[in-house]
Amino acid sequence: MKDYLQQQVNITLTDSMVEKFNVYCDFLRAENEKYNLTAITEVEQIWIKHFADSILGSVAIPKGATLCDVGSGAGFPSLPLKIVRDDISVTLVDSLQKRINFTKALCEKIDVQADFFHERAEDFAKNHSEQFDIATARAVAPLNTLLEYVAQIVKIGGAVVAYKTDLAEVELAENASKILGMGLEKHYNFVLPDGSRRAILVYRKIKHTPSKYPRGQNKPRTSPLTSSVGQIG
């Protein structure tokens, strides 16, 4: 894994980082039944599909960035990123208190600093408009829906770093990105050690997101911005 991350994203895992990840892995497996955090429970797969996968997004995160992880779940991708990139500041947002409880306890165990919010994404966005350099989301929603949830919290000139399997959703999200003041700037394609694929999509914020977004009442999911209903709802 050390060689893979060095080759792919120029990240060197120190012994201290490896120890933090080992504690993370053990704690995740031990607490998983209580919190229902992941279907991936084998140690090797946790390292590949959670830790290495999360770290790949580092290529799109500038030095010293403030990063908000929306729908943070068990802390992916924000906490692996924080472990290898202590220069960044991370904020975790999740709608389930039990997930926030898990990540808080984890951070105490591995001595990682982070901020935590137990809020729905749309409520958090209304109270934290344009406060972050980077917003990340992984396994949260289709791309057009995901962009609506997170665009509001990103500063002008900042970016949404979206973790997707491939580029198939980019066309679907084209209209949404324009409405939300975002533009696809770059994408990175990776193959993980087990052969699975990861695309990192970077959407730059080029103008203010209209204050009506993200919409409440679950509209980003039920009436996404690709449809005429979504655009006026």
Side-chain angles (χ1 to χ4, degrees), residues 49-50 53-61 65 67-78 80-81 91-95 119-126 128-130 132-192 196-210 212-233:
K49 291 188 177 294
H50 284 325
D53 184 60
S54 294
I55 292 168
L56 293 177
S58 177
V59 294
I61 299 171
L67 180 150
C68 184
D69 185 6
V70 176
S72 54
F76 309 122
S78 53
L81 285 168
T91 297
L92 286 72
V93 180
D94 201 277
S95 62
E119 284 189 76
R120 293 176 61 86
E122 53 268 47
D123 297 328
F124 180 84
K126 298 296 184 185
H128 298 84
S129 178
E130 298 187 353
F132 295 91
D133 300 314
I134 300 289
T136 58
R138 179 177 177 267
V140 169
L143 185 57
N144 53 340
T145 299
L146 182 156
L147 289 175
E148 181 172 352
Y149 280 136
V150 302
Q152 189 65 248
I153 67 175
V154 177
K155 299 174 182 178
I156 296 287
V160 173
V161 178
Y163 287 65
K164 288 294 174 181
T165 304
D166 52 40
L167 304 181
E169 297 179 43
V170 168
E171 186 175 353
L172 180 68
E174 185 175 353
N175 193 40
S177 64
K178 290 178 180 178
I179 292 170
L180 298 165
M182 311 291 295
L184 179 62
E185 179 179 88
K186 194 169 186 179
H187 68 269
Y188 302 86
N189 294 306
F190 297 99
V191 178
L192 286 156
S196 57
R197 296 183 179 277
R198 171 59 74 200
I200 302 292
L201 311 181
V202 182
Y203 279 84
R204 187 69 55 190
K205 187 162 182 175
I206 53 182
K207 62 181 181 180
H208 296 293
T209 302
K212 66 182 286 187
Y213 300 110
R215 295 163 295 159
Q217 300 177 318
N218 206 31
K219 284 187 177 180
R221 291 184 184 271
T222 61
S223 183
L225 290 175
T226 46
S227 68
S228 59
V229 174
Q231 292 173 37
I232 63 175

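Residue numbers count from 1 along this sequence. In this text, all values refer to a predicted model and were calculated from it rather than measured experimentally.
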Any chance you could lay out the salt bridge (charged side-chain N to carboxylate O under 4.0 Å, His left out) test for Glu174 and Lys178, step after step, and finish with the verdict? CA-CA 7 Å; Glu174 185 175 353; Lys178 290 178 180 178; 3.7 Å; yes

OG1-CD1 distance between Thr209 and Ile153, expressed to the nearest 0.5 angstrom: 10.0 Å

Can you check side chain to side chain contact (heavy atoms under 4.5 Å, CB included) on Leu184 and Ser177, steps first, answer last? CA-CA 8 Å; Leu184 179 62; Ser177 64; over 6 Å; no

Just wondering, do Thr136 and Ile134 contact through their side chains at under 4.5 Å, heavy atoms? yes

Closer than 3.5 angstrom, by distance alone: can the side chain of Tyr149 be matched with the main-chain N or O of Pro214 as a donor-acceptor pair? no

Please verify the inter-ring angle class for Phe132 with His128; under 30° counts as parallel, over 60° as perpendicular, anything in between as tilted. tilted

Supply the atom-to-atom distance Leu180 CG to Asn175 CG, rounded to the nearest 0.5 angstrom. 9.0 Å

Any idea which heavy atoms bring Thr145 and Ala141 closest together, and the distance? CG2-CB, 3.8 Å

Selection residues 181-190 - residue pairs positive for salt bridge (Lys or Arg N to Asp or Glu O under 4.0 Å), sequence neighbours left out: Glu185-Arg204

Scan Leu146, Val161, Leu147 and name whichever one has a side chain to side chain contact (heavy atoms under 4.5 Å, CB included) with Tyr203. Leu147

With sequence neighbours excluded, what pairs up with Ser58 under the side-chain hydrogen bond (donor to acceptor under 3.5 Å, both in side chains) test? Arg85

Side chains of Glu130 and Ile156: closer than 4.5 Å at any heavy-atom pair? yes

Quick one: CD on Glu169 to CG on Asn144, what's the gap to the nearest 0.5 Å? 7.5 Å

Which atom pair, heavy atoms only, marks the closest approach of Leu67 to Ser78? CD2-CB, 4.0 Å

Among Val93, Asn218, Val70, find the one that has a side chain to side chain contact (heavy atoms under 4.5 Å, CB included) with Arg120. Asn218

Asp133 meets the salt bridge (charged side-chain N to carboxylate O under 4.0 Å, His left out) criterion, sequence neighbours left out, with Lys155

Atom pair CG (Asp69) and CG (Leu81), whose distance is rounded to the nearest 0.5 Å: 8.5 Å

Of all heavy-atom pairs linking Asp94 and Gly73, the shortest is OD2-N, 2.8 Å

Could you measure the distance from the CG atom of Leu143 to the CG atom of Leu225? Nearest 0.5 Å is fine. 11.5 Å

Tell me the closest heavy-atom pair linking Ala159 and Val154, and the distance in Å. N-CG1, 3.3 Å

Any side-chain to backbone donor/acceptor pair from Glu148 onto Pro224? Under 3.5 Å, distance only. no

Donor-acceptor check, side chain of Lys205 to backbone of Gly181, threshold 3.5 angstrom: yes or no? no

Inter-residue atom distance Arg138.CZ - Arg198.CZ, 0.5 Å rounding: 5.5 Å

So, do Lys49 and Ser196 sit near enough that their side-chain heavy atoms are less than 4.5 Å apart? yes

Any non-hydrogen side-chain atom of Leu56 less than 4.5 Å from a side-chain atom of Tyr188? no

To check you understand the geometry: which heavy-atom pair defines the closest contact between Ala135 and Val150, and what is its length? CB-CB, 3.9 Å

Within the side chain of Gln152, is there an N or O that forms a donor-acceptor pair under 3.5 Å with the backbone of Tyr213? yes

